[in-house]
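Written out below as structure tokens is the structure these notes cover.
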Amino acid sequence: MNKLSSLYKSIKPRIKELKLSLYLLKRNKLTYFALVVIAMLVLIAVFAPYIAPFPSHIYGSTNPEDSLLPPGSKYFFGTDELGRDIFSRVLYGTRISLQTALLTVALALLIGVPLGAIAGTLGGFIDEAIMRVTDIFLSFPPLLLAIAIAAFLGPSLTNAMLAIAISWWPWYTRLVRGQAVSLRERQFVKAARAIGTPPLRIIFGHIVPNCIAPVIVQASMDLGGVILTASALSFLGLGAQPPTPEWGLMVSTSRTYFLNGWWYSIFPGLAIFFTVLAFNLLGDGLREILDPKTRQY
Amino acid sequence: MDICYEIKDLKVGFETFEGFKRALDIKHLEIYKGETFGLVGESGAGKSVLALTSLKLLPIPPGVIESGEILLNGENILNKNEKQIREIRGKKISMIFQDPMSSLNPVFTVGEQIVRVIVNNQKVSRREAEKKAVEMINMVKLPDAKNIMRKYPHELSGGQRQRVIIAVALSCGAEFLIADEPTRNLDVTIQAGILKLIYELKKELKMTTLFIANNMSLVSAICDRIGILHEGRIVEIGSVHEVVQNPKHPYTQILRNAIPRNPSVLNRIMVKEDLEEGIEGCGYYKRCPHRKPVCKNNLPEMQLVEGTHYVACFKEFERGEPDE
């Protein structure tokens with residue numbers, strides 16, 4: 001009993017902080033909305049094949065007699081030129097987009113964060129070398145670089161993801177390096193060195209954990225950006241290939257039928273719009289919650 | 001007595017925009033095994049530079065170690081490479097930093113931080129390290145160790161944090177501890193508690209300690225010997241009794257009386273001025289109330305007063321010359 005109460009006493013502040021975060025989340029209506037949208041998107045992504053009314057339409061099967069039907073009670077979002085249910089395809093597209101976004105951002109983080117932390121902490125020649133390479137990457141317009149890499153690797157969704165990650169990591173490197181440079185002068189880093197902590201352990205045990213907050217904010221905003229870029233690549237024919245129900249690809253194909261089938265491009269476009277918006281709002285909200293200075297009580 | 005820590009002819013400076021500035025110039029200093037040596041000096045005297053140099057943590061550049069040796073048990077620290085010095089940091093020499101508010105990593109619980117240091121340094125399992133961490137927290141006299149372990153630094157008070165930092169510094173089993181103004185930024189009652197703790201731990205662990213402070217009364221409470229550092233030079237050295245009761249160097253005398261007890265004292269305190277370039281003699285020349293022509297161009301050597309008491313001042317030894 002005594003043990004339990006001591007445990008409770010020490011956990012109590014944690015619970016209080018969690019409650020504060022939830023409270024701040026609730027006060028910030030837009031972030032709350034974003035979180036609800038994202039939760040729904042995740043659910044849709046997980047259960048897409050089961051909730052889609054026409055799972056067979058997701059990939060190969062065609063249904064020419066129902067081609068380009070407007071939205072109705074059978075096909076909520078109408079059908080495309082091959083008679084496939086756009087609603088089912090948009091639902092499944094959620095899974096593809098979220099997967100793309102998460103994997104790409106994770107890959108970019110995996111490259112960018114350690115490089116930034118190493119550059120910022122060690123300084124000197126290593127810093128110069130890493131940051132100049134970063135500068136070279138940053139001197140290209142991001143979409144153009146991604147297009148060039150995707151074109152070089154050959155069109156496929158995996159290559160598009162690689163291409164985006166390669167054009168994306170320098171932003172994290174820069175962000176983390178800036179943090180690391182100021183962190184390495186902090187007393188606790190000096191104290192860690194004074195008791196003989198090796199450099200790698202300082203970088204990953206002290207510097208990186210202290211940069212997490214801004215990185216999370218940036219990454220959650222980038223999730224939207226990556227979805228947008230991936231869609232753009234697919235739109236240009238450098239990403240997902242038909243018959244994959246990728247949103248950008250669907251918008252691209254729909255251009256031909258836009259005049260007599262507005263629904264074909266509108267619904268995938270709306271899906272992109274809401275997803276990107278939700279991630280951006282979430283990023284903004286997280287910044288407010290994680291940084292006490294921008295909090296508005 | 002065995003010598004634990006020894007400085008020979010150490011000269012350290014900084015390369016700055018305004019040219020080279022000497023920060024430390026210590027001819028000789030030795031600290032015996034088991035003793036507590038207090039180093040006193042005003043801010044800018046070079047106390048922290050000495051502490052950082054002893055661990056090779058001084059940023060180079062702008063820092064420059066011109067010459068000299070720092071010996072720990074006879075081994076020169078200054079010519080060790082980065083890997084060798086890491087074996088010394090924490091395991092042989094440990095350091096407590098000035099500011100308890102920022103010496104702990106804000107994103108981990110204090111327990112986690114102590115445990116990590118123990119795991120890294122003593123090659124024991126995590127479970128064992130946790131047990132040891134609790135012991136360490138008990139040793140620095142913090143109540144309810146298990147509860148403290150789960151707290152983040154910002155949930156502790158300054159005094160509690162400094163105790164945790166002492167626990168971290170001691171958990172590697174160093175034989176030589178450098179305490180760089182460990183009571184700075186703490187209020188007076190907490191200072192007394194931390195002092196008492198360091199005093200007790202030092203007796204318990206038989207550790208050699210270099211205690212750095214800017215306040216003589218602080219140091220005299222727990223130290224065996226005292227050195228007075230002024231502008232990078234040691235101007236007076238001796239046992240606590242000798243230096244505090246019978247200060248010989250004018251700077252020491254002023255330092256001892258530096259805590260203003262009534263307004264009349266305020267007039268006597270000479271405020272630190274910018275170093276004047278080109279003075280070859282005593283670094284205290286400009287501020288010295290007893291200065292003489294000889295002080296301007298000649299550097300006084302350390303000379304024995306009595307017992308273990310040494311001082312570097314012409315006033316003491318050239319009585320032949322007329323005073324004032």
Side-chain angles (χ1 to χ4, degrees), chain A residues 1-18 20 117 121-127 176 179-216 290-293, chain B residues 48 51-52 54-59 61 82-109 111-113 116-121 144-155 161 165 168-174 178 180:
Chain A
M1 190 59 223
N2 199 5
K3 215 172 175 181
L4 254 171
S5 75
S6 125
L7 185 74
Y8 177 71
K9 216 168 89 191
S10 66
I11 287 180
K12 209 172 140 198
R14 298 295 103 69
I15 296 171
K16 210 175 142 197
E17 263 164 48
L18 201 69
L20 175 67
T121 315
L122 298 182
F125 174 74
I126 297 171
D127 184 21
V176 172
Q179 295 279 321
V181 164
S182 86
L183 282 169
R184 78 164 171 213
E185 297 303 327
R186 295 271 294 275
Q187 190 90 269
F188 65 86
V189 175
K190 285 188 186 163
R193 289 177 63 202
I195 53 171
T197 315
L200 273 182
R201 200 165 267 147
I202 288 185
I203 292 170
F204 294 104
H206 290 284
I207 303 282
V208 172
N210 276 288
C211 313
I212 287 295
V215 169
I216 286 179
L290 290 173
D291 183 1
K293 274 171 241 143
Chain B
S48 296
L52 291 176
S54 305
L55 283 167
K56 269 193 106 170
L57 279 175
L58 191 73
E82 188 59 29
K83 208 174 168 188
Q84 291 167 321
I85 195 77
R86 232 182 284 136
E87 288 300 307
I88 290 176
R89 289 181 193 151
K91 289 169 199 97
K92 294 201 170 134
I93 307 179
S94 208
M95 183 159 167
I96 302 171
F97 279 88
Q98 286 178 355
D99 187 3
M101 294 315 189
S102 58
S103 288
L104 289 168
N105 190 334
V107 301
F108 295 110
T109 59
E112 174 67 27
Q113 296 187 48
R116 275 214 258 164
V117 171
I118 295 173
V119 170
N120 292 346
N121 280 301
D144 201 358
K146 289 219 166 115
N147 189 15
I148 295 274
M149 291 269 285
R150 290 193 210 98
K151 296 240 176 182
Y152 284 91
H154 71 268
E155 294 169 325
R161 270 187 250 185
I165 290 160
V168 172
L170 297 183
S171 57
C172 317
I178 300 175
D180 186 4

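Just so it is clear: chains get the letters A, B, ... in the order the sequence lines come, proteins before strands, and each one is counted from 1. Given the structure is predicted, the values throughout are model-derived calculations rather than measurements.
- When heavy atoms are compared at a cutoff of 4.5 Å, B/Leu55 approaches chain A solely by way of its side chain, counted from C-beta outward.
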**OP:** Apply side chain to side chain contact (heavy atoms under 4.5 Å, CB included) to the pair A/Ile195 and B/Val168, showing each step before the final yes or no.
**Re:** CA-CA 9 Å; A/Ile195 53 171; B/Val168 172; 3.8 Å; yes
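- Heavy atoms only, all atoms of each residue included: B/Ser103 and A/Ala191 are closest at O-CB, 4.0 Å.
- Here the closest non-hydrogen pair linking B/Arg86 and A/Gly196 is CG-O, 3.5 Å.
- When the shell of 6.0 Å around NZ of B/Lys92 is examined, it contains 12 or fewer heavy atoms from other residues, nucleotides or ligands.
- Highest contact tally toward chain A, considering only B/Arg89, B/Met149, B/Met95, B/Arg116, is held by B/Arg89 [criterion: heavy-atom pairs under 4.5 Å].
- To the nearest 0.5 Å, atom CG of residue B/Leu52 and atom CZ of residue A/Arg193 are 9.5 Å apart.
- Only the backbone of B/Ile93 has a heavy atom closer than 4.5 Å to any heavy atom of chain A.
- For the side-chain hydrogen bond (donor to acceptor under 3.5 Å, both in side chains) with B/Asn105, the qualifying choice from A/Gln187, A/Arg186, A/His206 is A/His206, the only one to do so.
- Contacts of B/Phe108 with chain A are made by side-chain atoms alone, with heavy-atom separations under 4.5 Å and no backbone atom involved.
- Not a single side-chain hydrogen bond (donor to acceptor under 3.5 Å, both in side chains) links B/Thr109 to another residue, sequence neighbours left out.
- Each of B/Pro153, B/Pro106, B/Ser171 has some count of heavy-atom pairs under 4.5 Å with chain A, and the biggest count is that of B/Pro106.
- Take B/Ser54 and apply the side-chain hydrogen bond (donor to acceptor under 3.5 Å, both in side chains) test, not counting sequence neighbours, and it matches B/Tyr5.
- Closest of all the heavy-atom pairs between B/Phe97 and A/Ala194 is CE1-CB, 3.6 Å.
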